[in-house]
Structures are given as structure tokens and as C-alpha cells.
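Keep in mind that what you see is a predicted model, and the values were worked out from it rather than measured.
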Amino acid sequence: MSKKIKDENGNVYIKKKPFYKRIWFWILVVIVIIFAGSQMGKGNSDSSKSSSSDASTASSASSSSKSTTGLTKANFDKITLSDSTGTSEKDVKAMFKKDPSSTDTQTVENVSANMYTWSGIDGGDITSAIVVGFENGHAISKAISGIKVSRTSKITLAQFNAIQNGASKTDIQKQFGEPNGYDLTNIGGQSSEMWSYTSGVNGDIGANFNITFTNGVVSGKTQVSMK
């Protein structure tokens, strides 16, 4: 409420209350506080929902990235080869989480072996597979094919021809990168290993090459349709 005031000279003027003493000011302050509180609560709720959604998405992505089978290069590497102490059929089947797609009997370096094939390795191409040969219930050979490998440049026939016997596996991998397949045997204490390159090879359709290692060094090589 306003008040009439007379000064010492007899002049009359009206003195108004400061705005902060007026009832409408405090009503407005209360309204602003209530509104701000409701908006803060909504923000926290949205943030909580967003965090929950993000966590759910991350969990889903993590779950989907896990392998659904044991057909991986890592498990392939775990298989040891020996006709007496090599990984057993039971352990290999348990590692790959399922029975083989097919079985047959083959002669591997004059030894009759039961060959088990598992088709479709994780992250491999449509022809990918793992084949394990067993003698007396122990693994004596193993092969993996169809590993996807990207190369910065194509491997040429000239580069293939320059490969020398005696080169190490480390030298070959530094020059050409990881192979698309591995084939290893260990029979009677004699081991051999072959690497197959089928992607990023210069030449006609289907061009590829293999490198054989004995005691860890190059002992032979073959190529098809390279240029």
C-alpha cells in the first residue's frame, strides 16, 4: 500500500513500498521456485532414463559381440598335435561346442586318420572350416581355412618368386601378412606346416599360393594363376 508524506516545506508526495515488500513479488518467487524444482526433477528423470538406455545398449552390444560357438582361430591354436599326447577328440568337440559337420577317414603321411570337419568359423568367409585329424583318439593334424584378411596391396608373382627356402615364418608374415589358412601335422615326431594365401593375391580369379615350413623355415612353395 502507498503512503502520503508531507515534507517540511508542506509539499505532499506519495511514498511507495519497495517491490520486495509487495505480496505479488513473493507469490511470483514461490511460482518460480516450484517451476524450477519440477524442471530439475524432470531433467534427472530423463538423464536416468538415458543412462539406463545407454547401459542397456552397451550390454546388448557386448552380448552380441560374444562368440556363439567355439569355432575360433584362438581355439584352433589351442589344439596340440601328437599321436600320444595330442588334444583328445572329446576335448576338441567340447572346445568347439558342437559335433563336427562331417567325418571321414583319410591317409595322412601313411597314417590312417579320422578326419572331423567343422564348417563356418567365427568371422570367416562362407567357405571357412576347421578340419582335425585323429589317430588313437589324439589330434595329429589340424587345418583352418577361410580366415578373412585385408591387405594394403596385392601380392604379386614377382614377390612370390622371391621367397627363398630357409626364410622364417616371421619374415613371411612381415612381408605378406597373416595367411587365410593354416595346415599343420605332427606324425611320429615329425612336424610340418603350410600357410595358404587366398585373398589380396594378384592374378586371375582364384589366384592363390601356399608356403610350406619345416622346422620353422620355408621348405617349399606353390602358386596358382598368379601374375
Side-chain angles (χ1 to χ4, degrees), residues 67-79 81 92 96 98-134 139-187 190-227:
S67 171
T68 56
T69 74
L71 296 173
T72 63
K73 173 64 165 50
N75 279 341
F76 172 84
D77 290 339
K78 293 177 183 178
I79 300 172
L81 304 179
V92 171
F96 292 157
K98 64 178 183 179
D99 290 331
S101 310
S102 64
T103 62
D104 66 337
T105 302
Q106 295 181 14
T107 300
V108 181
E109 296 187 11
N110 299 318
V111 173
S112 180
N114 296 320
M115 310 298 292
Y116 293 175
T117 301
W118 286 265
S119 299
I121 66 172
D122 285 357
D125 61 32
I126 59 174
T127 64
S128 63
I130 292 176
V131 181
V132 184
F134 296 92
I140 59 171
S141 69
K142 61 179 182 179
I144 185 170
S145 59
I147 300 171
K148 289 183 178 179
V149 181
S150 297
R151 308 190 193 283
T152 55
S153 60
K154 289 196 171 184
I155 304 169
T156 66
L157 180 58
Q159 289 175 304
F160 170 83
N161 289 336
I163 298 171
Q164 299 293 319
N165 284 350
S168 69
K169 289 190 287 187
T170 300
D171 292 336
I172 297 300
Q173 188 158 9
K174 280 183 179 179
Q175 183 173 5
F176 302 121
E178 182 183 2
N180 302 96
Y182 298 82
D183 191 333
L184 302 92
T185 62
N186 187 336
I187 298 175
Q190 298 297 313
S191 62
S192 65
E193 183 172 352
M194 183 175 71
W195 291 5
S196 301
Y197 288 82
T198 57
S199 69
V201 180
N202 191 56
D204 298 329
I205 294 175
N208 67 87
F209 67 93
N210 300 322
I211 302 174
T212 302
F213 300 89
T214 303
N215 297 323
V217 297
V218 175
S219 57
K221 60 183 181 179
T222 60
Q223 64 85 18
V224 175
S225 303
M226 289 185 70
K227 294 181 178 178

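Going from atom CD1 of Ile187 over to atom CG of Asn110 covers 8.5 Å, rounded to the nearest 0.5 Å. Annotation: the span from Asn165 atom CG to Lys221 atom NZ amounts to 7.5 Å, rounded to 0.5 Å. In this structure, CD1 in Ile155 is found 6.0 Å from CZ in Phe176, a value given to the nearest 0.5 Å. Distance check: Ile121 CD1 to Ser128 OG gives 4.5 Å after rounding to the nearest 0.5 Å. The CZ atom of Phe160 lies 6.0 Å from the OG1 atom of Thr222; values are rounded to the nearest 0.5 Å. For the atom pair OG1 (Thr198) and CG (Asp125), the distance works out to 7.0 Å, reported to the nearest 0.5 Å.
Side chain to side chain, Ser196 and Asn180 fail the donor-acceptor criterion of an N or O pair below 3.5 Å.
Asn186 contributes no side-chain N or O that, together with a main-chain N or O of Ser191, makes up a donor-acceptor pair within less than 3.5 Å.
With contacts defined as side-chain heavy-atom distances shorter than 4.5 Å, the pair Ile172/Lys169 does not qualify. Between Gln223 and Asn161 there is no side-chain heavy-atom pair separated by less than 4.5 Å. Proximity of Phe209 to Leu157: side-chain heavy atoms (C-beta onward) are nowhere separated by under 4.5 Å.
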Identify each donor-acceptor pair in which a side-chain atom of residues 139-149 lies under 3.5 Å from a protein atom, sequence neighbours left out, and give them as a table.
{"from": "Ser141", "atom 1": "OG", "to": "Gly133", "atom 2": "N", "distance (Å)": "3.4"}
{"from": "Lys142", "atom 1": "NZ", "to": "Phe76", "atom 2": "O", "distance (Å)": "2.9"}
{"from": "Lys142", "atom 1": "NZ", "to": "Ile79", "atom 2": "O", "distance (Å)": "2.7"}

Only pairs under 3.5 Å count here: list side-chain donor-acceptor contacts from residues 211-220, not counting sequence neighbours, and write none if there are none.
{"from": "Thr214", "atom 1": "OG1", "to": "Ser219", "atom 2": "OG", "distance (Å)": "2.9"}
{"from": "Ser219", "atom 1": "OG", "to": "Thr212", "atom 2": "O", "distance (Å)": "3.4"}

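Not less than 6.0 angstrom separates the ring centroid of Phe96 from the ring centroid of Tyr116.
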Decide side chain to side chain donor-acceptor pair (under 3.5 Å) for Ser101 and Thr117; before the verdict, give the C-alpha distance in whole Å, the side-chain angles of both, and the deciding distance to 0.1 Å.
CA-CA 6 Å; Ser101 310; Thr117 301; over 6 Å; no
